[in-house]
Engineer: 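Submitted below is the structure of interest, expressed as structure tokens.
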Amino acid sequence: MMLPTFLELPPRPGKPRATGMTHVLDNGIDLQTVTGVLDAAADYLDVWKLGWGTAYVDPTLSEKLTLIADHDVRTCLGGTMLEVAWAQGKASECLAWAHDVGFASVEVSRGVAAMEVSEKHDLIRRAARSFAVFSEVGRKDSQEELSSRQWTDEIIGDRAAGAQWVIAEGRESGSVGVYRADGSVRTDVVAAISRAGGIESILFETPQKDQQAWFIHEFGPNVNLANVAASDAIALETLRVGLRADTFGLSRQWLPI
Amino acid sequence: MMLPTFLELPPRPGKPRATGMTHVLDNGIDLQTVTGVLDAAADYLDVWKLGWGTAYVDPTLSEKLTLIADHDVRTCLGGTMLEVAWAQGKASECLAWAHDVGFASVEVSRGVAAMEVSEKHDLIRRAARSFAVFSEVGRKDSQEELSSRQWTDEIIGDRAAGAQWVIAEGRESGSVGVYRADGSVRTDVVAAISRAGGIESILFETPQKDQQAWFIHEFGPNVNLANVAASDAIALETLRVGLRADTFGLSRQWLPI
Amino acid sequence: MMLPTFLELPPRPGKPRATGMTHVLDNGIDLQTVTGVLDAAADYLDVWKLGWGTAYVDPTLSEKLTLIADHDVRTCLGGTMLEVAWAQGKASECLAWAHDVGFASVEVSRGVAAMEVSEKHDLIRRAARSFAVFSEVGRKDSQEELSSRQWTDEIIGDRAAGAQWVIAEGRESGSVGVYRADGSVRTDVVAAISRAGGIESILFETPQKDQQAWFIHEFGPNVNLANVAASDAIALETLRVGLRADTFGLSRQWLPI
């Protein structure tokens with residue numbers, strides 16, 4: 001059906017879009033629900049990440065990847081999966097399998113494995129031969145925070161190694177990386193990320209509504225947001241265009257990105 | 001299939017029911033899930049609200065409204081949607097669109113827009129020409145709480161303007177309006193609401209299980225509860241009739257409403 | 001499709017399995033979602049509990065039980081349901097109905113009713129004539145905690161009365177029984193449970209991810225976990241085999257159970 005047009009709302013680029021991307025985290029969602037979400041929200045979705053190692057144990061994986069790709073949403077393998085393979089000396093096998101089964105992109109992270117930055121850059125280079133690469137910056141354990149300088153440098157280095165986009169860590173919980181344990185935003189980390197430049201190719205992990213609203217207020221309706229729950233796809237779109245209380249008023253305000 | 005009957009449970013009115021109503025909040029749920037929820041729980045559901053502006057961006061809206069209405073559940077447009085339209089001088093366009101697309105009712109609120117009570121009453125009068133109106137009382141920002149007197153007066157005024165039911169604000173989070181930030185019930189607000197009379201046409205927003213249980217203990221199994229997650233429809237019905245630990249014992253106790 | 005095999009992961013027994021069982025809590029899930037979950041995760045699921053009294057009010061119950069059994073997952077009636085019936089002097093009627101409608105097992109608990117341990121043992125004996133019995137130990141109200149001695153003794157007594165498995169209480173929230181209100185594990189209770197012996201026939205209720213990870217770290221990938229959300233079935237399987245950050249490294253470590 002035709003969407004209504006009687007309101008003035010911030011413009012949103014159509015697909016394929018370079019900014020204003022929404023990246024969802026699939027934590028093992030069943031195909032019935034995937035079908036339903038895509039029917040309603042495919043126009044608003046750009047990247048569909050099969051979180052951590054869910055792809056490895058999911059017997060419906062092949063069907064799921066086809067379904068998502070058929071809706072013009074880019075599939076992505078979760079970074080922890082590749083970290084586990086790398087730690088076992090099986091990174092090549094993992095990348096070959098991801099390619100064979102049909103992933104369009106992979107995430108390269110060092111969120112939990114004892115991987116040096118230089119080793120990550122090597123892995124990005126290898127992955128970039130076959131995939132569009134999302135690198136991820138930030139550790140998954142709040143006891144191992146990066147310094148501001150490390151955030152900036154790792155983003156710059158990841159891009160130089162071949163990462164097309166960089167994801168700022170928040171996990172499914174929204175309590176590490178760019179966030180404090182209570183979910184509030186670490187503005188020092190956001191500033192460090194901004195210093196790396198190229199904010200239009202950064203994706204911020206924002207699993208919680210308040211985090212999504214914060215980044216929309218800060219960077220505008222077309223900020224790239226990641227690790228959004230698939231079931232929140234429609235709700236996030238309303239937040240982006242000012243159709244929910246948390247971003248009320250944005251509708252009148254054309255913002256930067 | 002036939003439901004079992006071997007237990008003594010509090011009586012629940014059948015549909016269409018005037019009390020004991022369950023009003024669910026649709027935050028952008030996919031049609032597969034809507035279909036599943038209605039197949040199981042349609043007999044327990046009275047109102048299905050498409051929250052805030054989700055209806056405006058949902059390409060499956062028309063199909064969804066038909067599906068819900070076919071299960072004898074009343075559809076309702078979220079209040080924030082109308083507030084955004086009103087703030088842009090497009091309230092008439094919004095009501096006309098809601099009517100054309102098939103909504104049976106609309107919510108009229110001033111939860112976020114800078115709308116005076118008199119302006120809200122005007123909007124209720126206009127909406128009541130085409131719709132059964134749910135008015136909502138309470139602000140969405142915890143910094144803008146109403147006084148007890150304002151709660152009572154606004155309910156009475158909304159009814160005089162044409163609201164058939166009045167909803168007490170709690171949001172999807174259950175942390176404002178009739179609740180403190182931690183989700184506990186503000187009994188002073190509940191008392192103010194009660195002073196307006198007509199408790200059988202009040203719906204309390206109760207997104208959290210403990211909030212549902214509180215109101216069931218306070219007002220009985222047939223209190224009207226709103227902003228319930230669609231996926232909680234069956235669970236709420238068990239709470240109402242004492243089939244869950246939180247309301248255990250209610251089964252022997254016939255309560256007021 | 002064939003699952004990949006390039007990683008070294010802890011071995012998981014196939015179905016029907018005696019350890020490493022995953023028991024999910026159905027809080028009133030719709031049939032579309034149940035279908036989707038079983039299509040993806042049936043190989044990982046052993047027990048499907050229809051929580052508290054949801055079975056009593058669900059018009060799709062018969063279809064749901066057939067669907068679950070067809071995927072070789074054991075169905076179980078929630079304990080609170082039987083407690084309500086017992087409190088009304090209708091335990092026999094409840095057991096007869098559960099048998100007629102097709103439940104393969106029932107949970108016998110005294111989580112909320114004023115039931116003595118001896119009365120519970122009598123109920124286990126009656127239920128065991130027709131069903132495989134899961135007994136549950138622990139109160140649902142944090143004000144009524146059992147002593148360590150009571151935990152140990154009740155487990156031993158339940159088994160003697162005929163319980164095939166014993167479930168350690170955590171509720172859907174993960175905030176009572178083996179947990180403190182903040183969800184952290186009460187290691188004194190876990191120790192008391194261990195003292196009863198037979199850890200391979202204990203199921204720990206672990207609704208939260210951190211709780212699942214804690215028990216996997218403590219007892220290995222094949223610890224029995226209960227009250228897992230159906231939508232977390234795939235995610236839990238990744239936790240068990242070390243494919244998620246929280247249990248990273250387990251893949252190299254063959255653990256006891």
Side-chain angles (χ1 to χ4, degrees), chain A residues 1-12 14-15 20 22 24 29-45 67 71 182-183 208-210 212-213 221 228-253, chain B residues 25-36 50-66 78-98 100-102 109 111-114 139-141 169 171-173 175-176 229-231:
Chain A
M1 66 176 272
M2 293 282 291
L3 291 175
T5 57
F6 59 85
L7 293 177
E8 277 187 82
L9 300 180
R12 291 271 293 135
K15 285 172 64 172
T22 294
V24 296
I29 310 168
D30 69 275
L31 280 183
Q32 299 279 334
T33 302
V34 173
T35 301
V37 168
L38 288 169
D39 284 349
D43 279 355
Y44 306 127
L45 298 181
L67 181 63
H71 284 81
D182 67 1
Q208 301 179 19
K209 183 194 66 172
D210 289 349
Q212 295 160 10
V228 174
S231 54
D232 287 341
I234 291 285
L236 172 57
E237 194 62 24
T238 62
L239 268 186
R240 286 186 182 278
V241 297
L243 288 173
R244 193 169 187 182
D246 312 76
T247 55
F248 180 84
L250 266 189
S251 46
R252 292 292 190 170
Q253 211 179 322
Chain B
L25 173 62
D26 182 337
N27 59 3
I29 310 168
D30 69 274
L31 280 184
Q32 298 279 334
T33 302
V34 173
T35 301
L50 278 76
W52 56 97
T54 55
Y56 194 85
V57 303
D58 184 354
T60 66
L61 174 62
S62 179
E63 202 178 337
K64 184 182 275 193
L65 293 177
T66 301
T80 298
M81 175 74 214
L82 189 54
E83 289 190 54
V84 173
W86 176 85
Q88 294 195 7
K90 300 287 177 58
S92 297
E93 287 82 349
C94 184
L95 291 171
W97 164 73
D100 288 350
V101 78
S109 56
V112 63
R139 298 288 291 180
K140 295 198 188 296
D141 185 329
E169 178 71 82
R171 294 201 72 180
E172 191 188 16
S173 56
S175 60
V176 295
S231 54

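The structure presented is a predicted model; accordingly, all values stated were derived computationally and were not measured. Per chain, numbering begins at 1; letters A, B, ... match sequence-line order. All values below were derived from every heavy atom in this structure, side-chain atoms included, with hydrogens, water molecules and symmetry-related copies excluded.
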Engineer: If you count heavy-atom pairs within less than 4.5 Å of chain B, which of A:Ala40, A:Ala41, A:Ala233 leads?
Structural biologist: A:Ala40
Engineer: Any idea how B:Tyr56 and A:Phe6 line up, ring-wise: parallel (<30°), tilted (30 to 60°), or perpendicular (>60°)?
Structural biologist: perpendicular
Engineer: Less than 4.5 Å to any heavy atom of chain A: does that hold for the side chain of B:Ala96, its backbone, both, or neither?
Structural biologist: neither
Engineer: What heavy-atom pair brings B:Asn27 and A:Ala235 nearest, and what distance separates the two atoms?
Structural biologist: O-CB, 3.6 Å
Engineer: Let's test your reading of the structure: which of A:Asp246, A:Thr35, A:Asp43 forms the most heavy-atom pairs below 4.5 Å with chain B?
Structural biologist: A:Asp246
Engineer: Got A:Leu243 and B:Val57 here, is their nearest side-chain heavy-atom distance under 4.5 Å?
Structural biologist: yes
Engineer: Can you measure from CD1 (A:Ile234) to CG (B:Asp30) and round to the nearest 0.5 angstrom?
Structural biologist: 10.0 Å
Engineer: State the CD1-OG1 distance between B:Ile29 and A:Thr33, to the nearest 0.5 angstrom.
Structural biologist: 11.0 Å
Engineer: Atom CE in B:Met81, atom OG1 in A:Thr238: separation rounded to 0.5 Å?
Structural biologist: 10.5 Å
Engineer: How many angstroms lie between atom CZ of A:Arg244 and atom NZ of B:Lys140, to the nearest 0.5 angstrom?
Structural biologist: 9.0 Å
Engineer: Is B:Thr80 in contact with chain A via its backbone, its side chain, both, or neither, using a 4.5 Å heavy-atom distance?
Structural biologist: side chain
Engineer: Please determine, among B:Gly79, B:Cys94, B:Ala85, B:Gly78, the option with the most heavy-atom pairs under 4.5 Å with chain A.
Structural biologist: B:Cys94
Engineer: Give a yes or no on whether the backbone of A:Glu8 and the side-chain of B:Gln88 come within a donor-acceptor separation of less than 3.5 Å.
Structural biologist: yes
